[in-house]
Amino acid sequence: MEIGLKIGVLGTGTVGRTVAAGLHGLGYDVFVGTRDPRKTLERTDPDRYGNPPFKTWLENHPGIRYGTFAQAAEHGAIVVIATNGNGTLPALEAAGEYNLNGKVLIDISNPLDFSQGFPPLLTICNTDSLGEQIQRRFPNAKVVKTLNTVNAALMVAPEQLAKGDHTIFMSGNDLEAKATVSEILRSLGWKDVIDLGDITTARGPEMYLPLWARLFQTIGGPNFSIRVVR
Ligand SMILES: NC(=O)c1ccc[n+]([C@@H]2O[C@H](COP(=O)([O-])OP(=O)(O)OC[C@H]3O[C@@H](n4cnc5c(N)ncnc54)[C@H](OP(=O)(O)O)[C@@H]3O)[C@@H](O)[C@H]2O)c1
C-alpha cells in the first residue's frame, strides 16, 4: 500500500484513536473527525475505559490531523468508520455524501444498544446489518465491514496481544475495495483474512457480538479472538 496514502478516520473513541495511531505508524496520512472539534477538545474527563481525554491523545500524536467528520472524509481516499453504532449513519450524513462517493469505507462499527446494561442488545440483526444500511444509504461508496469482531487494541496488534493465529472477516460488494482492505489488514498483522462475500455477510460478524460479550465476561478481558480451523 502506498506510503502517505490519505485515510480519514471518523471517530474519537478507543477504536478511532487506536486505528488512527496504528495506520499513522505504518506511514499513512491520517485525519481524525468528530462532531464538534472544539467541544471534543474541551472534554477533560477520562473516557468510559479510563483513557485520557481526546486532547491528550491528540497532543501525543503529532502528525495526525483533526477536524470535523466532513473534513476527515474529504481528506481520506479511504474512510474508516469508528463511530458509535447509533451515530454511524448520522456521522456519515455529517461527513457528506460527496465526500464518500467512490471511496472505500472500512466499517468497524457495531449496532449495539447498552440502554439495558451489559451485555448489550443488537439494534439491527437477522435480516439486515449496519454494514448493509450504510451501503444502501451511500450506494456509490464501497463499504467493507471488518475488524468489528475484536477489541480495539487487537485491531492493530493481533499477535502481540493474544498469541496464536487469528482470523479476521471481511464483507463487501466490491472486490477491488476488499483487496485494498485486505492489504491494510495484512500490514496491521492479520494473516488469516476471510472474505465472507457481499455486504449481506456482515450480518454474521455483527451478530457475533453477543458471544463476544459473554466471552469477555468469562475470559475476564478483551484480548481474544477467533481462529477458524479448516
Ligand atoms: N471499543 C472497542 O474495542 C470496539 C471493538 C470493535 C468494534 N467497536 C465498535 O467501534 C465503534 C467505536 O467504538 P468506540 O469504543 O471507539 O467508541 P464509541 O463511544 O462507541 O463511539 C465514539 C464515537 O462515536 C461518535 N458518536 C457517538 N454518538 C454519535 C452520534 N449520535 N452522531 C454522530 N457520531 C456519534 C462520537 O463522536 P464525537 O467524536 O463527536 O464524540 C465518537 O467519535 C462502535 O460502533 C463500537 O461498537 C468497538
Side-chain angles (χ1 to χ4, degrees), residues 8-22 30-55 57-58 64 66-73 79-96 105-115 118-125 129-131 133-134 137 143-158 161-162 166 168-171 185 188 190 202 205-213 215-216 219 221-226:
V9 175
L10 310 184
T12 58
T14 311
V15 174
R17 296 180 199 191
T18 306
V19 171
V30 178
F31 195 119
V32 174
T34 186
R35 279 171 287 194
D36 181 332
R38 191 180 50 81
K39 268 196 195 158
T40 300
L41 287 183
E42 279 170 4
R43 291 175 194 157
T44 52
D45 294 338
D47 70 10
R48 66 175 184 274
Y49 304 107
N51 298 313
F54 182 76
K55 185 171 188 282
W57 178 88
L58 191 64
I64 294 184
Y66 168 68
T68 62
F69 285 139
Q71 287 173 311
V79 177
V80 175
I81 303 170
T83 39
N84 187 278
N86 301 311
T88 290
L89 287 168
L92 291 169
E93 295 295 348
L105 307 189
I106 302 179
D107 173 32
I108 308 179
S109 62
N110 279 314
L112 300 179
D113 170 11
F114 286 92
S115 64
F118 195 93
L121 303 174
L122 294 168
T123 57
I124 306 164
C125 64
S129 61
L130 187 52
Q133 293 196 354
I134 298 167
R137 171 60 192 89
V143 180
V144 180
K145 183 106 207 173
T146 192
L147 291 175
N148 66 307
T149 53
V150 292
N151 182 51
L154 274 174
M155 292 174 191
V156 299
L161 291 167
H166 306 234
I168 201 74
F169 304 107
M170 227 179 25
S171 306
L185 290 170
L188 289 170
W190 293 96
E206 291 186 10
M207 288 194 287
Y208 162 71
L209 264 294
L211 175 57
W212 187 94
L215 285 168
F216 169 76
I219 291 170
N223 289 333
F224 61 87
S225 78
I226 306 170

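Small disclaimer: the values here were computed from a predicted structure and weren't measured. Numbering of ligands and ligand atoms starts at 1, following listing order.
- At under 3.5 Å, a nitrogen or oxygen of Val15, whether backbone or side chain, sits near a nitrogen or oxygen of ligand 1.
- Of the protein's non-hydrogen atoms, Arg43 NH2, 2.9 Å is the one closest to atom 41 (O) of ligand 1.
- Taking the side chain as every heavy atom from C-beta outward, Leu122 and Leu112 approach each other to under 4.5 Å.
- Side-chain contact check for Tyr208 versus Leu215: some heavy-atom pair is nearer than 4.5 Å.
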Worksheet entry | Leu92 vs Arg137, side-chain contact (heavy atoms from CB on, under 4.5 Å): CA-CA, chis, key distance, verdict | CA-CA 9 Å; Leu92 291 169; Arg137 171 60 192 89; over 6 Å; no
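- Applying the side chain to side chain contact (heavy atoms under 4.5 Å, CB included) criterion to Phe118, with sequence neighbours excluded, gives Phe114, Pro120, Ala213, Phe216, Gln217.
- From the protein, the heavy atom lying nearest to atom 9 (C) of ligand 1 is Ile108 O, 3.5 Å.
- Those atoms of ligand 1 with a heavy atom of Ala152 less than 4.0 angstrom away are 2 (C), 3 (O).
- Every atom of ligand 1 with a heavy atom of Gly11 under 4.0 Å away is listed here by number and element: 43 (O).
- Proximity of Leu130 to Asn110: side-chain heavy atoms (C-beta onward) are nowhere separated by under 4.5 Å.
- Counting the atoms of ligand 1 from 1 in the order shown, those under 4.0 Å from a heavy atom of Asn151 are 3 (O).
- Proximity of Lys39 to ligand 1, defined as any heavy-atom pair under 4.0 Å, is not found for any part of the residue.
- With distances taken over non-hydrogen atoms, the option nearest atom 37 (O) of ligand 1 out of Arg17, Arg35, Arg48 is Arg35.
- The shortest contact between atom 12 (C) of ligand 1 and any protein heavy atom is with Ala82 O, 3.4 Å.
- In terms of protein heavy atoms, atom 17 (O) of ligand 1 is closest to Gly13 CA, 4.0 Å.
- Only the backbone of Val150 comes within 4.0 Å of ligand 1, counting heavy atoms alone; no side-chain atom from C-beta on gets that close.
- Here the side chains of Ser109 and Asn84 are not in contact, with every heavy-atom distance at 4.5 Å or above.
- Put simply, the side chain of Leu209 reaches to within 4.5 Å of the side chain of Asn148, judged on heavy atoms.
- Between Phe31 and Gln71, some side-chain heavy-atom pair lies under the 4.5 Å cut-off.
- The shortest N or O to N or O distance between Pro90 and ligand 1 is not below 3.5 Å.
- Considering backbone and side-chain N/O of Gly85, one or more are found under 3.5 Å from N/O of ligand 1.
- The heavy atom nearest to atom 44 (C) of ligand 1, out of those in Thr12, Thr88, Thr83, Val9, is found in Thr83.
- Ranking protein heavy atoms by distance to atom 38 (P) of ligand 1, first place goes to Thr34 OG1, 3.2 Å.
- When the options Asn86, Asn84, Leu92, Asn110 are ranked by their closest heavy atom to atom 24 (O) of ligand 1, first place goes to Asn84.
- Scanning for side chain to side chain donor-acceptor pair (under 3.5 Å) contacts around Thr34 gives Thr40, with sequence neighbours left out.
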_Evaluation steps, side-chain contact (heavy atoms from CB on, under 4.5 Å), between Thr12 and Trp57_ = CA-CA 10 Å; Thr12 58; Trp57 178 88; over 6 Å; no
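- Nearest protein heavy-atom neighbour of atom 33 (C) of ligand 1: Gly87 O, 3.4 Å.
- Proximity of Tyr49 to ligand 1, defined as any heavy-atom pair under 4.0 Å, is confined to the side chain (atoms from C-beta onward).
- Ring geometry for His166 against Trp190 counts as perpendicular: the plane angle is over 60°, on a 0 to 90° scale with 30° as the lower cut.
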